[in-house]
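These notes are about the structure you will find just below.
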Amino acid sequence: MDYNFGEIEPRWQNYWREHGVYHVSNGGAKPHYYVLDMFPYPSGAGLHVGHPLGYIASDIYARYKRLQGFNVLHPMGYDAYGLPAEQYAIQTGQHPAVTTEKNIARYREQLDKIGFSFDWDREVRTCEPRYYKWTQWTFLQLFGHYYDNTAGKALPISSLVERFARQGTEGLDAACTEALDFTAGEWRSWDEARRQQVLMNYRLAYLADTAVNWCAELGTVLANDEVVNGLSVRGGYPVERKLMRQWSLRITAYAQRLVDGLEQVDWTDSLKEIQRNWIGRSEGAAVWFPLDVKSNANVLPGAQAYMQQCDPQPVPSFEIFTTRPDTIFGVTFMVLCPEHELIDRITTPEQRQQVQDYVAWAKNRSERERQAEVKRVSGVFTGAYAVNPLTEERIPIWVSEYVLAGYGTGAIMAVPAHDSRDFAFARHFGLPIRQVVSVEKDAVSDPATWTESMDAKTGYAVNSGFVTGMKVKEAMKAVIDRIEEMGIGHRTVNYRLRDAIFSRQRYWGEPFPIYFKADRPYPIPEECLPLELPEVSEFKPTATGEPPLGHAKKWAWDTKTNTVVDCSAIDNESVFPLELSTMPGFAGSSGYYLRYMDPKNDEAYFSKEAVGYWQNVDFYVGGAEHGTGHLIYARFWNKFLFDIGMAVKEEPFQKLINQGMIQGRSNFVYRSKADTGLFISKGLIKDMNDVTAIHVDINIVDNDVLDIERFREWRPEFKEARFELEEGKYICGWEVEKMSKSMYNVQNPDDLVARYGADTLRLYEMFLGPVEQAKPWDTNGIEGVHRFLKKFWKLYDNSLTGQTSQAGPTKEELKVLHQTIKKVTDDIERFSLNTAVSTFMIATNQLTDLKCASREVLEPLVVLIVPFAPHIAEELWHQLGHEGSVCDAQWPVCDSQYLVEDTVKYPVQFNGKMRFTIDLPADSTQADAIAAVKAAPESAKWLTGEPKKVIFVPKKIINIVC
RNA sequence: GCGGAUAUGGCGUAAUCGGUAGCCGCGUCAGACUUAGGAUCUGGUUCCGAGAGGAGUGGGGGUUCGAGUCCCCCUAUCCGCACCA
């Protein structure tokens with residue numbers, strides 16, 4: 001009987017579904033294991049061969065763990081909210097829910113054909129009220145908590161209220177937008193509005209005027225990870241900075257824990273490094289530089305007079321952040337960012353016009369312009385001076401774009417000799433440059449002769465007062481100590497990470513469970529969740545520029561009945577408007593892995609029992625492109641849930657593998673420029689300039705050979721095409737490009753399943769190379785893998801039909817089996833799935849050569865292949881006479897007696913000794929080693945008589961003195 | 001600019017601990033079977049050389065009895081961040 005995958009595969013897929021083979025329950029005697037894929041966004045284009053790569057890899061691991069006796073949670077769902085469905089809705093009027101539903105159905109159909117072991121009873125969709133109820137719930141918890149640095153965790157906002165009433169801000173160390181200082185008396189004297197305003201300063205989900213990434217084309221704000229080079233990741237539209245009232249998550253409160261947590265997880269170093277860079281921790285000092293107001297009356301009378309009129313009075317000093325406190329003796333000027341609040345107060349009348357012009361110019365620049373001209377130096381002098389607190393020197397204060405508002409304090413001390421940006425600025429404006437660090441002790445040179453600054457944090461301090469002669473590291477410590485003694489600054493840590501902007505001016509997302517009373521946000525009661533997404537007449541922003549939810553007729557909150565009511569009922573007495581923004585894509589994906597543990601629970605996000613049983617994700621597979629997005633947000637989300645006693649592990653994903661991107665492999669035909677009806681085979685082209693390369697659909701090309709008939713039918717203009725062939729074939733060119741429709745290089749998995757079967761597709765995707773590696777999709781090798789499955793099938797077929805001897809297993813056969821068990825087990829454990837496939841091929845070839853027909857060998861081999869090719873395994877398992885699913889079988893155990901290699905591998909002679917390398921079992925003795933050496937055929941030419949002395953080094957090396 | 005990774009036949013790759021480099025597959029060459037084959041099977045296939053033999057894991061140096069693997073320098077490619085003080 002032939003290997004008929006087309007009949008076998010659907011039959012077993014039905015069997016699995018009908019018998020609930022992949023259904024998993026929470027609990028039982030078996031140890032638990034959680035294998036997770038990053039759930040997909042169901043796009044209209046369907047799956048291409050890149051998507052299943054990670055799913056197949058994780059499915060292999062999940063099935064392997066299950067055969068090893070684990071209770072394996074292996075779920076799948078859909079990240080169903082997102083921009084494409086909404087863009088499509090704006091264009092066609094089709095409701096995003098309809099499009100999404102359709103796309104999901106298509107995804108499911110495609111996934112089912114590949115034979116995954118997902119427990120579909122646990123499916124989640126982020127756009128379903130039953131699911132997003134808990135996204136909204138978590139948002140309310142974030143709104144209802146603040147981060148207490150002393151406790152090192154999130155605490156309820158109610159405890160903060162009590163604290164304020166008792167002692168004000170005294171002794172409070174909490175994450176906040178702006179450091180506040182007030183007494184209990186002040187707190188008690190404030191009205192509701194003022195109190196709410198103060199609390200907003202501490203909430204983990206807060207509403208504030210923030211400089212946001214505004215994308216006019218998409219009509220929404222975007223998070224930092226959704227913007228690259230000043231353009232939106234989706235669509236590539238320009239993004240500008242804009243001050244808007246937005247919801248944000250205070251993820252910065254968790255910055256240190258997000259850094260520390262990386263120590264505990266088993267991720268690749270490169271991904272950990274990506275996250276560390278993104279969080280951008282840097283240690284340094286905050287130092288207050290006093291403004292020079294009183295002295296130098298002859299220089300600053302204008303500024304002084306101006307400042308005296310000011311209300312409020314100018315602050316006497318301002319704060320800078322530096323990672324190089326050791327260079328404080330080399331400060332020759334200060335720079336403020338154009339947004340700095342101090343600029344207006346300190347600028348002298350003479351400089352006023354210039355400064356205002358500069359600030360206005362800088363503010364109107366788009367993010368893209370600014371980033372494109374990073375190298376261009378610009379700035380303006382304020383006319384004001386500060387005083388270096390250690391040298392008491394007077395130093396000019398400038399304003400420049402190169403200092404960023406969002407980092408540190410938006411003000412720096414400039415040390416042009418030891419910072420390349422300060423250096424460029426000083427050179428451009430002719431400001432002094434003073435060397436304060438040298439490579440060798442006391443080796444100073446004239447900075448005027450320098451072509452670049454000396455930025456390295458190595459060497460010795462020079463010209464630096466009391467730290468002169470110290471090493472850079474010592475000088476840093478000494479300066480900070482002095483600054484702390486003087487009370488003008490302190491050690492501090494800064495992070496590059498910003499709070500996550502959480503509002504989107506879109507329709508297709510989770511609504512905020514928030515209504516506005518007197519323009520202040522209030523949460524709707526938890527028990528009223530979910531707050532369902534309302535219907536709207538249009539998906540575009542409103543005429544007044546409000547988000548699409550502004551079109552909703554029924555979108556107001558009645559606080560008496562606690563229900564959603566018609567907008568016309570708004571009276572601002574008991575009926576209030578609801579928030580019009582929706583949540584961003586990462587909201588729904590930040591906690592989905594927890595919901596899989598208990599997906600049907602309507603009383604809680606997930607039960608204590610469920611999370612207590614599964615704990616966290618043991619093994620997570622997904623793309624590295626989520627390194628600065630989802631993987632940061634999810635860790636933050638999880639840490640917060642941990643703080644409030646929901647999650648039981650601080651880190652959500654213990655081990656993580658990043659599957660590589662699958663690129664497209666495009667094919668080209670070459671059309672003659674001289675004769676546009678003529679197509680020349682690749683090998684016959686003399687000069688590439690004579691021909692035009694045209695993308696051709698890879699589905700009408702096989703092993704780079706063009707199917708001429710199908711090419712003629714492909715497009716009308718090629719109907720009359722003529723060809724110059726080599727050996728009767730038209731050979732196409734090829735190139736690796738992004739997989740995209742426009743390049744006709746999208747490989748659809750369905751076509752391959754139809755042609756070769758799911759098992760071949762699964763094996764081939766693994767055989768392509770290491771899962772982690774990026775690689776172009778290339779169908780050229782798939783025949784080889786398919787041929788292997790046919791051989792594998794035949795091996796069993798010959799045995800079952802009695803075409804091979806039915807005698808018991810020979811030693812040779814057992815050796816093949818046990819070496820295969822060992823190798824495949826090791827390969828899966830270290831996630832080297834491509835070599836595991838090779839191992840099966842070798843074993844099959846060897847057993848075919850041995851005409852193996854014994855059940856003792858063939859049965860365990862079927863179990864070994866289950867993770868890779870479950871359909872063929874299931875079929876053969878039943879043909880061997882078993883009942884029930886092979887998925888419930890036991891992973892075979894390797895018998896080490898069949899593994900011993902006892903040949904000398906590599907003899908060498910030196911210094912009158914000989915050294916042999918021998919493969920021996922780990923527990924071998926010296927006597928075993930000598931015997932092995934003597935028995936080895938190669939030893940004859942080296943050993944004459946008994947060895948005089950043998951030095952046995954465990955495992956490998958034997959020195960023999962002759 | 002900073003950080004991370006990678007580099008092996010015509011191609012995808014393998015070599016798990018520093019131990020005979022090139023397993024497995026594609027492609028290709030030769031052969032068998034066949035009316036035929038885009039089916040199946042057998043054998044060859046790193047390069048140079050008729051051969052004996054020699055060279056060989058991006059380039060250069062080092063450690064070692066022994067290096068694809070470890071160390072230093074360089075080059076190329078990919079990825080992440082990028083005026084982050």
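Proteins get letters first, then strands, A, B, ... in listed order; numbering begins at 1 in each.
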Please report whether the ring centroid of [Y] lies less than 6.0 Å from that of [X].
| X | Y | result |
| --- | --- | --- |
| A:F792 | A:F840 | no |
| A:H786 | A:Y764 | no |
| A:F423 | A:F425 | no |

Specify the separation, in whole Å, of atom [atom1] of [X] and atom [atom2] of [N].
| X | N | atom1 | atom2 | answer |
| --- | --- | --- | --- | --- |
| A:I397 | B:A85 | CD1 | P | 22 Å |
| A:R281 | B:C81 | CZ | C1' | 18 Å |
| A:R498 | B:C81 | CZ | C1' | 13 Å |
| A:I708 | B:G38 | CD1 | C1' | 15 Å |
| A:Y756 | B:A39 | OH | P | 10 Å |
| A:Q773 | B:C79 | CD | C1' | 13 Å |
| A:Q275 | B:G80 | CD | P | 15 Å |
| A:K794 | B:A39 | NZ | P | 14 Å |

Within the structure shown, what part of the strands sits under 4.0 Å from [X] by heavy-atom distance: base, sugar-phosphate, or nothing?
| X | answer |
| --- | --- |
| A:S282 | sugar-phosphate |
| A:P776 | nothing |
| A:N834 | sugar-phosphate |
| A:N845 | sugar-phosphate |
| A:E783 | nothing |
| A:N780 | sugar-phosphate |
| A:R276 | nothing |
| A:V785 | nothing |
| A:L404 | base |

Using the [atom1] atom as the reference point in each nucleotide, state the distance between [N] and [M] in Å, no decimals.
| N | M | atom1 | answer |
| --- | --- | --- | --- |
| B:U57 | B:G4 | P | 27 Å |
| B:U46 | B:G10 | P | 10 Å |
| B:G66 | B:A5 | C1' | 28 Å |
| B:G58 | B:U69 | P | 8 Å |

Cut-off 3.5 Å, side chains only: do A:Y633 and A:T628 have a donor facing an acceptor?
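No, A:T628 and A:Y633 have no side-chain donor paired with an acceptor closer than 3.5 Å.
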Partners of A:K822 by salt bridge (charged side-chain N to carboxylate O under 4.0 Å, His left out), sequence neighbours excluded?
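So A:K822 forms a salt bridge (charged side-chain N to carboxylate O under 4.0 Å, His left out) with A:D826.
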Could you pull out all residues at least two apart from A:R434 that satisfy salt bridge (charged side-chain N to carboxylate O under 4.0 Å, His left out)?
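Here the qualifying residues are A:E393.
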Is A:S270 near enough to B:C79 that one of its side-chain N or O atoms lies under 4.0 angstrom from OP1 or OP2?
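So the side chain of A:S270 is outside the cut-off, no N or O lying under 4.0 Å from OP1 or OP2 of B:C79.
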Phosphate oxygens OP1/OP2 of B:C41: is one of them under 4.0 Å from a side-chain N or O of A:R787?
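Checking A:R787 against B:C41: no side-chain N or O falls below 4.0 Å of OP1 or OP2.
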Can you work out whether A:D827 or A:V837 has the more 5'-proximal nearest nucleotide on RNA chain B?
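Nearest nucleotide further toward 5': that of A:D827.
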Report yes or no: does A:T327 contribute a side-chain atom to a donor-acceptor pair with the main-chain N or O of A:G330 at less than 3.5 Å?
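The answer is no, because no donor-acceptor pair under 3.5 Å joins these two groups.
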Under 3.5 Å donor-acceptor, A:H340 side chain and A:A411 backbone:
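No.
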Taking both distances under 3.5 Å as the test for a Watson-Crick or G-U pair, what stems of at least three pairs does RNA chain B have?
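Counting only runs of 3 or more consecutive pairs, the stems involving RNA chain B are B:1-7 with B:75-81, B:10-12 with B:24-26, B:27-32 with B:40-45, B:46-48 with B:53-55, B:58-62 with B:70-74.
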Compare all side-chain heavy atoms of A:I251 with those of A:L258 and state whether any distance is below 4.5 angstrom.
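They are in contact (side-chain heavy atoms under 4.5 Å apart), so the answer is yes.
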Apply the syn/anti split at 90° from 0 to B:C29 and say which one it is.
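Glycosidic conformation of B:C29: anti.
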